[in-house]
Structures are given as C-alpha cells and as structure tokens.
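Below: the structure, in structure tokens.
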2 protein chains.
Amino acid sequence: MINPKAVIEHTEWVWSVAVDVVIFTLRNRDLQVHVIQRQDHPGYWSLPGGIVGATEALEEAAMRQLREQTTVDDVYLQQLFTYGDPQRDSRRRVISVAYFALLAADRIKPDGDENRAWCSVYDLPPMAFDHARMVDDALTRLRYKIEYSAAAFELMPEEFTLRELQEAYMTILNDHRLDKANFRKKIHEARIVEPVNRYQKTAGRPARLYRFRKDARLESKARRFFP
Amino acid sequence: MINPKAVIEHTEWVWSVAVDVVIFTLRNRDLQVHVIQRQDHPGYWSLPGGIVGATEALEEAAMRQLREQTTVDDVYLQQLFTYGDPQRDSRRRVISVAYFALLAADRIKPDGDENRAWCSVYDLPPMAFDHARMVDDALTRLRYKIEYSAAAFELMPEEFTLRELQEAYMTILNDHRLDKANFRKKIHEARIVEPVNRYQKTAGRPARLYRFRKDARLESKARRFFP
DNA sequence: TCAAAAGTGTTGACCCTACACCCATGA
DNA sequence: TCATGGGTGTAGGGTCAACACTTTTGA
C-alpha cells in the first residue's frame with residue numbers, strides 16, 4: 001500500500017485536508033443552516049470549516065468548528081461525505097471531509113456578527129466551492145435519517161408538543177400532508193416520548209408538553225423492500 | 001495492531017491522502033473481500049489501496065485501485081467513510097477515504113499471485129491498520145443497501161436462478177431463514193428480473209434462469225417514519 | 001355558544017408471514 | 001414410484017391511510 005518512498009515522491013505538492021460542517025437547525029417553521037460570509041469573495045457564503053490540525057482527529061476538527069462558530073458543545077455530529085475533486089478549490093488541492101450537525105434552536109447563542117447567518121435550506125444564498133452540494137447531500141441524508149432513527153429529536157427543544165414534533169418532520173421532509181392522528185399513534189407506540197405535567201397555550205385547547213425518553217430505542221431496523 | 005517499525009523523520013507534517021477499497025464478491029455461498037498480504041508486516045493483510053494522485057479525483061483513485069488489483073473495470077463503487085485518526089498509521093499522518101465495491105464472482109480473473117486472496121468476511125485474517133473496521137463498516141452498509149436498493153444484483157452473474165438470488169441475500173444478511181415463497185413474490189412484484197428461456201439443472205426439477213431487467217427501478221424510497 | 005386546535009376511534013384496504021401444496025425431473 | 005428441489009396459493013393477523021369524531025380552551 002503505502003511505502004516510505006511514496007512520501008518523498010509526493011511531497012512535491014501540498015495537500016490540505018479540511019472539514020466543513022453543515023449545521024442544521026429548525027427556526028420559525030423553517031429548516032436552516034449556518035453560513036458565513038466570505039471575505040475573499042464578496043457576495044458568496046460558505047459553510048463553517050477549516051483545516052484539520054496535524055494531530056487532530058477528523059471528528060475533533062469538526063467539533064472544534066462547531067464550538068468556534070456556535071459556542072455550543074455536545075452536539076449530534078456525523079460524517080457525511082468526503083469531497084475531493086481536483087478542481088473544487090481553484091487555489092490548491094483541498095479535500096474536505098464534510099460533517100453534518102443537528103442543533104436545537106434554543107441552544108443557539110445570539111450573535112451580533114453580521115458575517116454569520118442562518119439561512120433556509122430552501123432558499124440558499126450563493127455558496128462558495130461545492131458547499132451548495134454539501135448542503136443538498138446533507139439534506140438528503142437528514143431526510144433518510146429521521147425516517148429510521150430518532151435524529152429529529154436533536155432539533156427539538158427539551159419540551160415540545162406533538163404538533164411541534166409533527167411540524168418538524170413536515171418541515172424537514174418539505175411535505176405538509178402528514179395525518180395528525182396517525183403521526184401521534186406512531187410516536188406513542190414507539191414509546192419514544194413521555195408527557196410532562198405542563199401544557200402550552202394555543203388558540204384552542206392547550207397542548208400537552210412531552211420530552212424525549214432517555215431510555216428510548218434510537219433506531220428501528222429498516223423495513224425490507226428488496227425483498 | 002502494528003508496532004512502529006521505521007518512523008520517517010520529518011521537519012514538517014506531511015499529509016497523505018489514500019483510498020482503500022473493500023471489494024466484495026459472492027463465491028461458494030460465502031461473502032468474501034479481496035485482501036493483499038503485506039510485505040512489510042508478515043502475517044498481516046490489508047485492503048487494496050494507495051495514495052491518491054495529485055490531479056486525480058478520489059473516485060478515480062479508487063477505480064484505479066480496482067483496475068490494478070482485479071483488472072476489472074466498470075464496477076459498482078461507492079464511497080464508504082473517511083478514516084483519519086492521527087494514530088491509524090504509526091508512520092505518518094494518513095487519512096484514508098474508503099470505498100466499497102461489488103464484483104460478481106464470474107468477472108474475477110484467475111490470479112496466480114499468492115499475495116492476493118479472497119477471504120470470507122466471517123473469518124478475516126489479521127488486518128493491518130484499521131482495515132478490519134473498514135470491512136465491518138462496509139458490511140453494515142452493504143446490508144442496509146440491499147434492503148432498499150437492487151445492489152445485490154451487482155454480485156450476481158448475468159443469469160441466475162431465484163434460489164441463487166435468495167441465497168445471496170441470506171449470505172449477505174447472515175440469516176438463512178428467508179421464506180422461499182415470500183421472497184419470490186417480492187422479487188416478481190418488484191418487476192426487477194425477467195426470465196430467460198434457459199434452465200439450470202438441479203437434483204430435482206430444473207430451475208428457471210432469470211436476468212436483471214435493464215429498466216428496473218433501482219431504489220425504493222422508504223416511506224416509514226420512526227419507528 | 002362558537003371558533004380553534006388538541007386529541008381519539010373506526011374502518012376497509014393492503015401487506016406480510018407461515019405453511020401447505022403442486023410440479024417436473026432423474027434415478 | 002420416490003426423493004429432490006422448483007414453484008404457487010391461501011388464510012389470518014397486523015399495519016396503514018383516511019376521515020369523522022370528541023374534548024378543552026378563550027373570546
């Protein structure tokens with residue numbers, strides 16, 4: 001595989017290894033990602049990311065980006081895909097290991113920095129490099145993920161109503177035709193939430209608040225289609 | 001794992017970017033991967049892989065490994081995961097983008113080279129670096145994949161009986177309890193195979209041969225909410 | 001007492017599993 | 001005619017989508 005000679009031969013060019021993080025959140029019934037305005041290309045935005053340190057694990061580097069950009073720790077973080085087209089950065093050869101993160105909106109610290117923003121995935125600004133594709137891939141992955149795992153709960157506040165949970169699913173899937181009764185039945189049968197003794201005011205009957213069960217089963221084995 | 005043998009001295013950190021490929025095949029009712037005996041660590045085996053060229057895309061590099069190792073082109077190939085722990089190679093910092101490939105057994109060229117072998121995923125030899133984990137991750141992915149896509153057909157010969165197809169599924173899933181009648185019904189309903197006018201001899205009634213339909217739907221969208 | 005939204009029950013269609021059964025072939 | 005393995009039909013239990021219904025609140 002790798003022999004020492006290869007190193008010498010290959011030090012002629014300089015690789016950079018970067019991580020980029022697609023940070024999702026749900027705000028105002030909208031699925032949003034964190035983006036940063038680029039200083040070197042006015043009008044273009046990019047995902048939070050940077051070069052991986054010499055002794056840093058990839059996931060550590062992604063987590064560091066998260067901390068630096070959102071000052072939040074302990075976040076759902078998962079590797080997405082590695083992008084390495086020779087042309088993806090015109091300045092030099094960079095391969096980027098993309099991660100995606102899920103962050104509940106109530107954990108976002110207010111931030112006066114105008115170079116940072118949360119943008120709807122359904123209305124992205126011009127993105128640098130291949131970052132638009134990263135967001136797209138991350139969205140596809142997220143949609144798969146919430147259908148067989150409890151990942152959607154990472155985007156919810158500590159306590160939430162079942163309607164809010166249903167709206168989270170509908171916003172992520174961009175499909176607002178979910179049946180209320182059937183959705184509730186599934187959630188209850190999964191024993192994944194438990195009620196707390198508090199209610200949220202609404203325009204009608206108050207809605208019971210629930211929280212995620214600590215002992216909940218986090219994944220369900222996918223149904224078989226083939227065969 | 002492997003003890004540091006000859007650590008290369010650097011004045012600066014040099015990143016290397018490699019690809020490693022988990023090549024699956026089905027032979028003798030067994031799911032196997034292609035492995036190569038390491039010259040530098042007798043008794044240890046590794047996946048086919050190598051350093052990515054300066055102007056080479058990641059997938060191209062993986063495809064090149066496939067060609068060089070198996071002399072086969074046009075293979076199902078997909079990115080798996082990127083491994084970048086600082087300690088994964090004791091000699092220097094290497095990040096490896098792992099791919100997995102599916103190769104029908106009848107496309108394998110006979111090979112006298114004793115340094116190469118096909119090994120059962122259920123009985124791997126000692127693997128170098130984190131390659132055992134790569135195989136494990138690839139197997140997990142493969143199992144998911146065949147349940148919602150037609151990926152399993154990539155491991156079948158041009159023509160096959162339904163029993164052979166069923167055995168492929170059972171071998172990959174390591175679960176031999178699939179019901180014959182129900183399996184056949186699903187395959188037929190999926191309109192994914194078509195009969196050819198040939199039969200295969202068996203100890204009993206001859207088995208009809210089928211082939212994959214070119215116009216078959218390759219993925220089925222799972223419309224299942226958690227759980 | 002009405003609008004609004006929470007929350008539940010029912011029903012028929014569909015699908016999945018288990019298992020019994022028939023069919024074609026060679027010895 | 002029997003063993004062997006290919007190939008199919010069916011009953012019943014479970015799941016799901018659709019939709020109507022009841023409950024609770026504020027105005």
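Numbers restart at 1 for each chain; the letters A, B, ... are given by sequence-line order, proteins then strands.
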Is any side-chain N or O of A:Arg205 closer than 4.0 Å to OP1 or OP2 of D:dT23? no
Strictly below 4.0 Å, N to O, side chains only: are B:Arg116 and B:Asp113 in salt-bridge contact? yes
Rounded to the nearest Å, what distance is computed from the CZ atom of residue A:Phe183 to the C1' atom of nucleotide C:dG9? 19 Å
Has the side chain of B:Lys185 got a donor or acceptor atom sitting under 3.5 Å from an opposite partner on the base of D:dT10? yes
What does A:Ala181 touch in the nucleic acid at a heavy-atom separation under 4.0 angstrom: a base, only the sugar-phosphate, or nothing? base
Return whichever of A:Asn182 or B:Tyr199 has its heavy-atom-nearest nucleotide of DNA chain D closer to the 5' end. B:Tyr199
Round to a whole Å and report the spacing from CD1 of A:Ile187 to P of C:dA6. 15 Å
Expressed in angstrom and rounded to an integer, what is the separation of A:Phe160 atom CZ from C:dA6 atom P? 15 Å
Would you call A:Glu167 and A:Arg163 a salt bridge, taking side-chain N to carboxylate O under 4.0 Å as the test? yes
Given that A:Tyr210 and B:Arg177 both sit by DNA chain C, which one's nearest nucleotide is further toward the 5' end? A:Tyr210
At 4.0 Å (heavy atoms only), tell me whether B:Arg208 reaches a base, stays on the sugar-phosphate, or touches nothing. sugar-phosphate
Rounded to whole Å, the NZ-P distance (A:Lys180 to C:dA5) equals 10 Å
For A:His188 and A:Ala203, find the nucleotide of DNA chain C closest to each by heavy atoms; which residue's nucleotide sits nearer the 5' end? A:Ala203
Counterpart residues, side-chain hydrogen bond (donor to acceptor under 3.5 Å, both in side chains), relative to A:Arg141 (two or more places apart): none
Could you check how far CD of A:Glu164 sits from C1' of C:dG7, rounded to whole Å? 15 Å
Between B:Tyr83 and B:Asp137, does any side-chain donor sit less than 3.5 Å from a side-chain acceptor? yes
Rounded to whole Å, please give me the gap between CZ in A:Arg184 and P in C:dG7. 5 Å
Go through D:dC19, C:dG7, D:dG7 for me and flag the one nearest to the A:Asp179 side chain. D:dC19
Verify the distance criterion only: is there a donor paired with an acceptor across the side chains of A:Asn115 and A:Arg38 at less than 3.5 Å? no
With hydrogens left out and only the distance checked, is there a donor-acceptor pair under 3.5 Å joining A:Lys201's side chain and the base of D:dG26? no
OP1 or OP2 of C:dA6 under 4.0 Å from side-chain N/O of A:Arg163: yes
Figure out the CD/P separation between B:Glu167 and D:dG5, and round it to whole Å. 11 Å
Atom NZ of B:Lys186 and atom P of C:dC14 are separated, to the nearest Å, by 17 Å
